[in-house]
Amino acid sequence: MTGHDRFLSKAAQGMQGSAIRRMGALLARQHGLISFAPGYPALDTFPAEALQDIAHALLSGSDRYVLQYGPTRGYRPLLEVIAELMAGRGAPTSLERLLVTTGSQQGLDLVARVLLDPGDAVLVEKPTYTGAIMAFRNVQAYLAGVEQGRDGFELGALDAVYARLAAEGRRVRVLYVVPNFQNPTGLLIGRERRLALLEWATRRDVLIVEDDPYRELYFEGAATEEDVRPLRADDRDERVVYLSSFSKTLAPGFRVAWVDAPEALTAKFELAKQAADMCTGTFDQRIVHEVARTGLLARQLPLLRSHYRDKCHVMREALHRELGDLVTWSEPRGGFFLWARLPDTLDADHLIERAVRHGVVYVAGEAFFADDRQETHEGRNLMRLAFSAPSHDRIREGVSRLAAAIREELSAVSSPSPAAPPAR
Ligand code: PMP
């Protein structure tokens, strides 16, 4: 409690920081720590030299608008590039439907502010992306968690949760889903399930918010363009608000992403964005546009796919070698994350301290479970391991540190230290 708490709005009183950001702070403090915590792209994938040339040309002075405020909707030539990308994803669109956002995180914030009143229910998977949880909580939405099966939302469980919420008199407005290489589980939802979700949302008149930052990062040989086809591509009745980003395909420092939504909603998102930041960075958008126009973006994609596939492979091999007898893990077909399950007796949150002492860190599973219907401590023995940023050697070393921490913790749990002798 600080002396200024009395000035806080109700919404601000409920705001919570992200567990992942806290891990970031930990990382900054401890030298030599190997971090599997934040889902950061690998530094060496950023095409720095090409970007230098682009930035140099843009700043040559011939066009000073590169440093001016721009339209809230976004830099028009970039919007045209995004429309082409959407068509390439099987979802042709129009400029009226598009809005450039300051990262997809802003897209989630705008979606939350425009679509949700306090107490409105949002259906999320258990587990789901922490940034979405934050955005929905900030507007005091009611988060209703639905069991995630091997293929994402279980339709039976989804409908049961919906029915219970409706019986309680709650408005169920939005279903939030990350169908491609979900953060945190790496899960790829199959096509039949995607179509079933669309059909369900139409039947129940719920809007789908489809968050799709990882779709380009499928591992060659493990998934295809067809596998990552967005729900939006099969949306026949304007049911889907689609978000995607250049953060994982170019660099997150630019903060350039987009929303594609029915025109009337995009117009509202634009108004909400005006209050937030007027426009996305003009210079950033101009760079991203050049990157796309010159073909650099398209050339990056195959490199990224093999970069992250190899890292995922290295992590899986290391886990198999070091922890094959104790831990199980997901087998992602793309993206940045492995989702690992510890023995039942262990608590991933509790283990962090010991892991940090061994020089490695991850995000404990509990952060990804949101359900306002019940006080849950789900995900206790689960952890998210991001393989995206560290080098192969650091991944191997990090997994071996993790294994040491887990084995130590296991023996501590199975043979608790003897009770202190009675005081005399
Ligand atoms: N959605 C998901 C599922 C993510 O994993 C991320 C990044 N961690 C974002 C949205 C936000 O991405 P950005 O704001 O960098 O576009």
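Remember, it's 1-based here, ligands and their atoms both numbered in the order they're listed. Keep in mind that what you see is a predicted model, and the values were worked out from it rather than measured.
- Taking every heavy atom of S247 and a limit of under 4.0 angstrom, the matching atoms of ligand 1 come to 13 (P), 15 (O), 16 (O).
- The shortest heavy-atom distance from Y214 to ligand 1 is under 4.0 Å.
- Between H289 and Y75, the two ring planes are perpendicular [angle over 60°; tilted spans 30° to 60°].
- Near P213, meaning under 4.0 Å from one of its heavy atoms, ligand 1 places the atoms 1 (N), 2 (C), 3 (C), 4 (C).
- Both the backbone and the side chain of S104 come within 4.0 Å of ligand 1, counting heavy atoms alone.
- Looking at R354 and E409, a side-chain N of the basic residue comes within less than 4.0 Å of a carboxylate O on the acidic one, giving a salt bridge.
- Residue contacts with ligand 1: Y176 is placed with no nitrogen or oxygen under 3.5 Å of a nitrogen or oxygen of the ligand (distance criterion only).
- Just one of L303, L297, L301, L296 meets the side chain to side chain contact (heavy atoms under 4.5 Å, CB included) condition when paired with R299; it is L296.
- Heavy atoms of K248 found under 4.0 angstrom from ligand 1 belong exclusively to the side chain.
- Contacts between R255 and ligand 1 below 4.0 angstrom, taking non-hydrogen atoms only, involve the side chain exclusively.
- Using the six-membered ring where Trp is involved, W258 and Y242 have ring planes that are tilted, between 30° and 60° apart.
- Among V100, V209, V241, the one residue that satisfies the side chain to side chain contact (heavy atoms under 4.5 Å, CB included) test with V259 is V241.
- At a 3.5 angstrom cut-off on N or O pairs, T102 does not count as close to ligand 1.
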Just list the side-chain donor-acceptor pairs under 3.5 Å for residues 53-60, sequence neighbours left out, or say none.
{"residue": "S60", "atom": "OG", "partner": "A57", "partner atom": "O", "Å": "3.0"}
{"residue": "S60", "atom": "OG", "partner": "S62", "partner atom": "OG", "Å": "3.3"}

